[in-house]
Amino acid sequence: DSGVTQTPKHLITATGQRVTLRCSPRSGDLSVYWYQQSLDQGLQFLIQYYNGEERAKGNILERFSAQQFPDLHSELNLSSLELGDSALYFCASSVDLVSETQYFGPGTRLLVL
Amino acid sequence: GESVGLHLPTLSVQEGDNSIINCAYSNSASDYFIWYKQESGKGPQFIIDIRSNMDKRQGQRVTVLLNKTVKHLSLQIAATQPGDSAVYFCAETIPARQLTFGSGTQLTVLP
């Protein structure tokens with residue numbers, strides 16, 4: 001158990017809908033990262049937050065957004081969902097801004113029908 | 001177009017044998033490397049890391065070797081067990097940049 005928690009574990013929704021994925025980092029970790037893992041693209045970095053502020057962006061679509069709250073938990077919002085958004089979404093956390101070692105949560109499996 | 005599954009390199013080993021999983025990285029400026037293990041339906045799990053000022057690091061039953069000359073990283077698992085069956089990813093980073101993950105290797109331990 002990495003100490004990173006994610007909810008929900010599974011999510012089934014329809015195209016055009018909006019969902020919110022939630023992540024709680026390990027106790028004491030200030031950085032939260034979101035990744036998408038799909039069959040045809042491997043593990044792709046989406047976005048990083050550090051102590052409430054966005055710090056780095058990867059291959060995140062404009063339909064997706066995230067935020068980190070004062071208690072350091074983070075939410076990833078996915079809107080106008082398309083079939084191709086079906087994937088595993090992982091949250092990871094690390095101690096500070098430039099800690100390379102990231103600890104991953106169990107993921108949320110999203111299925112868009 | 002048709003969606004094609006990611007073609008993962010595979011490695012099958014007999015239980016009790018040693019496993020060697022290889023990874024080639026592309027950025028000569030990368031200075032920190034991590035191996036992750038991902039079991040089916042779970043998130044990647046940190047196994048071991050190594051910095052570029054080292055060429056070998058050992059953990060419990062695992063050893064990571066780094067060859068900066070040829071930009072190659074390997075993970076050695078001693079006395080492989082059924083619980084070691086998983087996808088193994090290497091990841092690299094340069095200072096202040098994000099982790100970049102490799103495509104992974106599927107390790108299957110045969111009884």
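Order of the sequence lines fixes the chain letters, A, B, ..., with proteins taken first and strands second; residue numbering starts at 1 for each chain.
- In this structure, chain A has a heavy atom under 4.5 Å from the side chain of B:Gln38, while its backbone stays farther away.
- Residues A:Phe104 and B:Phe46 keep their aromatic ring centres 6.0 Å or farther apart.
- Placement of A:Leu78 and A:Ile12 in two distinct hydrophobic clusters is found when ILVMFWY residues are connected by side-chain heavy-atom separations under 4.5 Å, directly or transitively.
- Side-chain rings of B:Phe101 and A:Phe45 stay apart, their centers remaining 6.0 Å or farther from each other.
- Within 6.0 Å of CD on A:Glu53 lie no more than 12 heavy atoms contributed by other residues, nucleotides or ligands.
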Applying side-chain contact (heavy atoms from CB on, under 4.5 Å) to B:Tyr36 and A:Gln102, what does each step give before you reach the verdict?
CA-CA 10 Å; B:Tyr36 284 93; A:Gln102 297 176 22; 3.7 Å; yes

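- Heavy atoms closer than 4.5 Å to chain B are found in the side chain of A:Gln37, but not in its backbone.
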Determine, stepwise, if the pair A:Thr101 / B:Tyr32 fulfils side-chain contact (heavy atoms from CB on, under 4.5 Å).
CA-CA 9 Å; A:Thr101 306; B:Tyr32 181 68; 2.5 Å; yes

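- Around the CZ atom of A:Arg109, the shell of radius 6.0 Å holds no more than 12 heavy atoms that belong to other residues, nucleotides or ligands.
- The number of heavy-atom neighbours closer than 6.0 Å to NZ of B:Lys42, taken from other residues, nucleotides and ligands shown, is 12 or below.
- B:Ile47 and B:Val64 fall within the same hydrophobic cluster, where Ile, Leu, Val, Met, Phe, Trp and Tyr residues are linked whenever their side-chain heavy atoms come under 4.5 Å apart, directly or through other members.
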